[in-house]
Each structure stands twice: as structure tokens, then as C-alpha cells.
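When reading the values below, keep in mind they use all heavy atoms of this one structure, side chains included, and skip hydrogens, waters and symmetry mates. Just so we're on the same page: letters track the sequence lines, and every chain starts at 1.
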Number of protein chains: 2
Amino acid sequence: MSHRASTDKAQPAITDAGAGRFSYDGLDRVMHEKARLGILASLAANSDGLLFKDLKQLCALTDGNLSRHLTVLDEAGLVEIWKGASGPRPQTMCRLTANGRRRFTQYISVLERVVTDAQPSTQPDTRSQPLPRPTE
Amino acid sequence: MSHRASTDKAQPAITDAGAGRFSYDGLDRVMHEKARLGILASLAANSDGLLFKDLKQLCALTDGNLSRHLTVLDEAGLVEIWKGASGPRPQTMCRLTANGRRRFTQYISVLERVVTDAQPSTQPDTRSQPLPRPTE
DNA sequence: GACAATACTTTGTATTATAAAGTTTCATCG
DNA sequence: CGATGAAACTTTATAATACAAAGTATTGTC
């Protein structure tokens, strides 16, 4: 007979413990984006807010991209945007909202988990079978 | 006169030091993606490789998504994929390549910088002007 | 008052993540 | 032994969106 016997059915694989272990649900799409991550980190480091001009430099973004990303962050309620009507030129000032700071902190804590997970030092092996080791 | 005097031209903003400070260039598009980050972390934790089935559970992905993401990671040279011809059913085994492990480690080190940056404790203020504090 | 420059915003396109449907092989049941 | 179901993927299609290029508006300068 060429096919295996039916005795080893329903191999449970990975025991279901650890299911979703690496799904990282906390990585919110809005924050988990290179450019916006930079913006948020900049604003977290400057709690009094930053000018459009400054953000542009710090994050090395073009005007268009920065504008777009700020809109996204604003709509998500993460930052607040102040249009300067007083100055000689239009000046846009951005700050983290209280909620934004909270959510960003949460996001960062998930990132910390990712960093920890990536150190394979003392991780218990999660696999199911020994597997035929592929010949390198 | 309503407009400002011309004496304060060319305000240098942010001194140019710290330009690009938050651009996070090291955040490679291929790796910086929720789902693929999970896959890579799983594989980093299981250096002998993982089965498609196991990855699917660990990362809580649908068949289609996992398949697609693995293809992307494969094409980027980050993982290697072994098709099991020996077993009773098709079995796909995935492992980090040597290069993949190296690049992932680099990526993680950037993530660590992000995490550090997000702790605003002892950060020097990067702004240019005191700014008219917006009334809350 | 023409010309360049600053400080943005809007629009268009090309990429891509995800879901839905499709394929293939094996096991089981009447 | 043909039908049915299920496991293990792959392919296709669509909806979202990141980025670049073009546009707008105000200001300063010659």
C-alpha cells in the first residue's frame, strides 16, 4: 500500500496553546506605519508640540506626505492640529492628544513584546513534530 | 504696519542637527507589516522551522493571507520554503534564511530605538521656537 | 508688479493587504 | 467504487492607501 495507515489521524499540532501567540493584534494600522511612527515618536518626545516645518525635517518627509499622514492621525484622534492665524505665515502646530499618548504607549508596549519575542534565547519550542530536517 | 519686520529671516528651525532623527529608514517595508512581523518572530523563535499549519495558528492568519505573505518573504530572500513530497499530504515547511535572520535582527534593533524614543523621559527638546502655547 | 519662496493641500497612480473562490490530494462512507 | 468531505494550499479580485506630482495661497523682494 502506498498511502499511510489511518492510525495517525487528527494530529493536533501545536496543542492550541499559543494559538494567536504571534498575531500582534495591538499593532494598530494607523500607528504601525513607518512615517506615522516617526511622527508619533517625535511628538511623544516633544510634548509641547511641533511645527509642520520641524516635523518635516525630523521625519524626513515631503510636504505632501506629511500633510496626508497628519490628516490620518488627526481623523484617528491621535493628534490635534492648530492653524496659526496670528503669525506672518500660516503655521501648523501639532500635538499628541491625551488619548493619542495613551494609545501610542499601548502600541509601544506591543512593540516591546515583538522585540522580546525576537530574542529566541529562552523560548520554549512551539512546534508539533520533529519534522524531517531538510538537508541544507 | 501689519506684517513683521524683515529682520528675522531664515529662522533655521531645529538647527539641522537631528534632521531625519525620526525617519526610521531601517524599517524595511517587507518586514514592517503586522502579519509578516508575526511570521518572522515565530520563525525566529523556532529556528528549526515551522509548518504552514503551525504558522497559521500562531499568527492567526487565513490560508490565503499566510500563503501570500510567505511568498513575499520568500521573494525577499528572508525565508526558505520546503515542500514536503514525502509525507501523506503536502506539507510546507518554512525557515528563516541566514540572511533573513540577520536582517530581521537589524530590523528589531530599529524597533528598539523606536521604543526608546517613545519614552520621553530624558529627551532634549528638539523644537525651534517657544511657540504661542495654544489655549487648551 | 513680476518672480521666487514658503507653507501647505489636493489629486492621481501604483502598490498591496486581505478576502473569496479555486485546486489538488487524501480519507471515509454507503 | 463513486460520492462526499476535509485538509493544505494557491490564485484572483477588490478595496485601501502610501507616495509623488501638481496645485493654491500668501509673502517678501527687486
Base, sugar-phosphate or nothing for A:Thr92? Non-hydrogen atoms, less than 4.0 Å. sugar-phosphate

Pairwise distance CG(A:Asn46) to CG(A:Leu96) - rounded to 0.5 angstrom: 10.0 Å

Mind jotting down which residue pairs meet the side-chain hydrogen bond (donor to acceptor under 3.5 Å, both in side chains) criterion with at least one end in residues 23-32 of chain B? Sequence neighbours excluded, please. A:Glu33-B:Arg29, B:Ser23-B:Asp25, B:Tyr24-B:Asp117, B:Asp28-B:Arg103, B:His32-B:Tyr107

Listed nucleotide nearest any side-chain atom of B:Ser67, set D:dT10, D:dC19, D:dC9: D:dT10

Do A:Arg21 side-chain atoms and B:Cys59 backbone N/O form a donor-acceptor pair below 3.5 Å? no

Between A:Ile81 (CD1) and C:dC8 (P), how many Å, whole number? 10 Å

Specify the separation, in whole Å, of atom CD of B:Gln91 and atom P of C:dT25. 16 Å

Spacing between B:Leu55 atom CG and D:dC9 atom P, to the nearest angstrom: 10 Å

Would you kindly give the CG-to-P distance between A:Asp28 and D:dA16, to the nearest whole Å? 16 Å

What nucleotide among C:dT18, C:dC8, D:dA18 has an atom nearest to a side-chain atom of A:Phe52? C:dC8

Rounded to the nearest Å, what distance is computed from the CG atom of residue A:Leu27 to the P atom of nucleotide C:dA17? 14 Å

Can you measure A:His32 atom NE2 to D:dA18 atom P for me and round it to whole angstrom units? 12 Å

Counting just side-chain N and O atoms, does A:Lys34 come under 4.0 Å of either OP1 or OP2 of D:dT17? no

Just by modelled atom types, is the B:Gly64 backbone N or O under 3.5 Å from a matching donor or acceptor in the B:Ser67 side chain? no

Within less than 4.0 Å of OP1 or OP2 of C:dA17, is there a side-chain N or O belonging to B:Arg36? yes

With sequence neighbours excluded, what pairs up with A:Arg68 under the salt bridge (charged side-chain N to carboxylate O under 4.0 Å, His left out) test? none

Calculate the interatomic distance between B:Glu33 atom CD and C:dT15 atom P; express it in whole Å. 16 Å

Look at A:Lys56 together with A:Asp63 and state whether they make a salt bridge at an N to O cut-off of under 4.0 Å. yes

Heteroatom pairs (N/O) under 3.5 angstrom, protein to nucleotides 20-23 of chain D:
from: D:dA20; atom 1: OP2; to: A:Asn65; atom 2: ND2; distance (Å): 3.1

Tell me whether the OP1 or OP2 atom of D:dA18 has a side-chain N or O from A:Arg29 closer than 4.0 Å. no

Just by modelled atom types, is the B:Leu78 backbone N or O under 3.5 Å from a matching donor or acceptor in the B:Thr97 side chain? yes

Any side-chain N or O of A:Lys83 less than 4.0 Å from the OP1 or OP2 oxygen of D:dT26? no

Separation of atom CG in B:Leu70 from atom P in C:dT18, rounded to whole Å: 13 Å

Can you find a side chain N or O atom of A:His69 that sits less than 4.0 Å from OP1 or OP2 on D:dC19? yes

